[in-house]
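Each remark here refers to the structure printed beneath this line.
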Amino acid sequence: MGNNTLSIGFFFAFMALTLLITYWAARRTRTTAHFFAAGGEVTPWQNGWALAGDFLSAGALLGIAGIVTSNGFDGMIYSIGWLVGWPIILFLIVEPLRNVGRFTFADVVAYRLRQRPVRLAGAVGTLAVILFYLIAQMVATGSLIKLLFGLPYNWSVVLVGSVMLIYVLFGGMLATTWVQVVKAALLMAGGVLLALLVLTHFEMNPLKLFAAASEKYGARVLQPGSKVVSGQWDAISLGLGLMFGTAAMPHVLMRAYTVRDAKAARLSILYATGLIGVFHLMVFIIGFGAMVLVGPEAVAKAGGGGNMAAPLLALTVGGNAFFGFICAVAFATMLAVVAGLTLSGVATLCHDVWTNVVRNGTASEAEQLKVARIATVVISVLAILLGIAFEGQNVAFMAGLAFSIACAANFPALVLAIIWRRFTTSAAVASILVGTLSSLVLIYLSPTIQVDILGKQLSQIEGAWWFVSLRNPAIICMPLSFLVAIILSLISTETNADSTFDEMQDRMLFGPLRPAAVPRDEAKTAA
């Protein structure tokens, strides 16, 4: 498999295409607006495909398929949780984000608060989310390139990190957008074709596929209650993390700025939701197809935490040519998402930290682009190192942890900044930091790190007072983040935050071109 000529051919064809896109985009990327938001010139249809490409990560194609193959029905909790988050973005988040912000979600949170502390706290939360999500993508990529080329895992991760660095460093958001559009189209085509090839073995009837899985592995594969989660509370926690974390993922929210206005941003979300929903239906069929036609044992032997279920199924039902195509699509998937994540982290470091905190809004365009490119290199190196450290973890599970952090660190502050007049700077900073740090601490004290990564025996640590049995901390951390924000807002006052709330609401509803509403205090003075 490592020397599959067709696989390598598809791989290099995609590489050539995306490098051409990067070259074309690099010639048009001259300002920060183009580097971070493609100049706001992307159409809703293009942005919808790019959003789908940004969101349908290695966790969708490889991770969820692997979980369904190993556990059956319970793997659907990832698909459903992620999909339910999109209506929240559509109806609550995207319009305020597009009308108030410029490049990052911290623009919205900091709009009527003190800029420096809010943006610094926002950077901490954003980078924690991005790095965890990058781990999932880099782990999957390393496993795939190892399977495809026979390269050592470490070198596979280095290769992907280097290619991703080229995309973001030279092409910025314009290159990333078109790489994501191409990748989303390939992914949809590959997923639909793979699902159809599976169904040809079962008279084009999904029910016969499920019946075959039940007959071969028992009725448990069609019932909830497997080992995807460790209990009912863990299942609820995972669902909360996936749902509200989706509405607070920095690289997804950043795409609201690549279109011309809020209407275009809403249309983008609508298109993306449809594409993502269709794809997740295909992944469910792919997972059960791999269970019946390949077998969980063969998938486990291929390594990578079950992430190779889809490629091995493609080899079984379509031969070497289709295996090569699916591997190339999976690689495109991970590369595009990694590029989007990296760009989001770079925007946070350059726009939020350097331009608005260090330089107090006075940095020139050339200086900002220089800082952005330095930040790209730093994040790329971190992604490579973390990808090597977390070898063998299931990518959907690792991505779920990133969403747990996002729902605790980013979502409470973003929502309260939009809807609550009393929200203050101290509440925003505390909410973000408490959400981030509590998530990281609980993840470290959970079986994910203690057992899966550090290799401790469960019997050794179950009696320890600090051990947390939850693998997903959202059910604790998100309410804690909201609680801290509400308490601090109620016990403190901030005149500017209160007086500019109406102005912010006016801008959120009617857009930045409408004259700002006169703050209440000034209106009274004029009267």
Side-chain angles (χ1 to χ4, degrees), residues 88 92-93 96-97 100-101 104-130 132 237 240-241 243-245 247-250 253 348 351-353 356-358 360 402-445 468 470 472-508 519-521:
I88 298 174
L92 180 63
I93 301 294
L97 198 73
V100 175
T104 67
F105 92 96
D107 288 339
V108 179
V109 180
Y111 182 83
R112 60 192 181 93
L113 305 177
R114 296 198 303 276
Q115 297 283 314
R116 289 188 175 186
V118 172
R119 289 188 183 276
L120 281 174
V124 172
T126 297
L127 292 174
V129 172
I130 288 169
F132 257 85
S237 189
L240 287 173
M243 182 167 59
F244 293 107
M249 290 301 285
L253 299 180
T348 295
H351 176 65
D352 289 331
V353 177
N356 286 287
V357 175
V358 177
N360 201 25
F403 282 75
S404 292
I405 299 171
C407 84
N410 299 344
F411 184 75
L414 181 57
V415 170
L416 292 174
I418 291 171
I419 67 172
W420 197 23
R421 183 186 297 273
R422 286 287 301 268
F423 196 51
T424 63
T425 299
S426 59
V429 172
S431 174
I432 294 170
L433 294 181
V434 167
T436 304
L437 295 177
S438 63
S439 297
L440 293 175
V441 168
L442 291 184
I443 288 171
Y444 177 76
L445 299 180
V468 181
L470 286 175
N472 303 279
I475 196 171
I476 296 174
C477 301
M478 187 174 71
L480 180 63
S481 180
F482 268 114
L483 184 63
V484 167
I486 291 169
I487 291 173
L488 285 178
S489 294
L490 291 175
I491 64 175
S492 62
T493 57
E494 192 167 340
T495 304
N496 185 65
D498 187 292
S499 63
T500 54
F501 181 75
D502 293 326
E503 175 189 324
M504 182 179 176
Q505 291 293 307
D506 187 75
R507 189 181 178 98
M508 283 193 304
R520 290 176 302 142
D521 292 343

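In this chain, numbering begins with 1 at the start of the sequence shown.
Considering Asn496, Val118, Val429 in turn, Val118 is the only one that fulfils the side-chain contact (heavy atoms from CB on, under 4.5 Å) rule with Leu113. Evaluated for a side-chain contact (heavy atoms from CB on, under 4.5 Å) with Ile486, the options Leu488, Leu483, Leu490, Val484 yield exactly one hit, Leu490.
The backbone N or O of Phe482 sits nowhere less than 3.5 Å from a side-chain atom of Ser431 that would complete a donor-acceptor pair. At least one donor-acceptor pair closer than 3.5 Å links the side chain of Arg112 to the backbone N or O of Arg421. Of the possible polar contacts, none joining the Thr104 side chain to the Thr348 backbone as a donor-acceptor pair under 3.5 Å is found.
Annotation for Ala123 and Val353: closest pair CB-CG2, 3.6 Å, computed over non-hydrogen atoms. Here the closest non-hydrogen pair linking Ala408 and Ser481 is O-OG, 2.9 Å. Between Ser438 and Gly435, the closest heavy-atom pair is OG-O, 3.3 Å. Between Cys407 and Ala474, the shortest heavy-atom contact is SG-CB, 3.6 Å. Across Ala402 and Phe132, no two heavy atoms sit closer than the pair CB-CB, 3.8 Å. Of all the heavy atoms in Phe423 and Ala485, the pair that sits closest is CE1-CB, 3.9 Å.
Inter-residue side-chain proximity for Arg116 and Asn360 is flagged as met; some heavy-atom pair is nearer than 4.5 Å. Inter-residue side-chain proximity for Ile93 and Phe105 is flagged as unmet; no heavy-atom pair is nearer than 4.5 Å. In this structure, the side chains of Leu442 and Cys477 come closer than 4.5 Å at one or more pairs of heavy atoms. The side-chain heavy atoms of Leu253 and Leu414, taken from C-beta on, include a pair separated by under 4.5 Å. Between Pro250 and Asn410 there is a side-chain heavy-atom pair separated by less than 4.5 Å.
A distance of 7.5 Å separates CG in Asn472 from CG in Leu470, rounded to the nearest 0.5 Å. Atoms OG and CZ, from Ser404 and Phe244 in turn, are 12.5 Å apart once rounded to the nearest 0.5 Å. To the nearest 0.5 Å, atoms OG (Ser426) and CD1 (Ile491) are separated by 7.5 Å. Taking CG from Leu480 and CD1 from Ile475, the interatomic distance works out to 13.0 Å, rounded to the nearest 0.5 Å. Here Thr126 contributes atom OG1 and Ile432 contributes atom CD1; the two are 7.5 Å apart, rounded to the nearest 0.5 Å. With rounding to the nearest 0.5 angstrom, the CD1 atom of Ile418 is 7.0 Å from the CG atom of Leu97.
A salt bridge links Arg119 with Asp107; the closest basic N to acidic carboxylate O contact falls under 4.0 Å.
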Trace of the side chain to side chain contact (heavy atoms under 4.5 Å, CB included) decision for Asn356 with His351: CA-CA 6 Å; Asn356 286 287; His351 176 65; 3.6 Å; yes
Intermediate values then yes/no, side chain to side chain contact (heavy atoms under 4.5 Å, CB included), Met504 and Val108: CA-CA 9 Å; Met504 182 179 176; Val108 179; 3.8 Å; yes
Thr493 vs Asp498, side chain to side chain contact (heavy atoms under 4.5 Å, CB included): CA-CA, chis, key distance, verdict: CA-CA 8 Å; Thr493 57; Asp498 187 292; over 6 Å; no
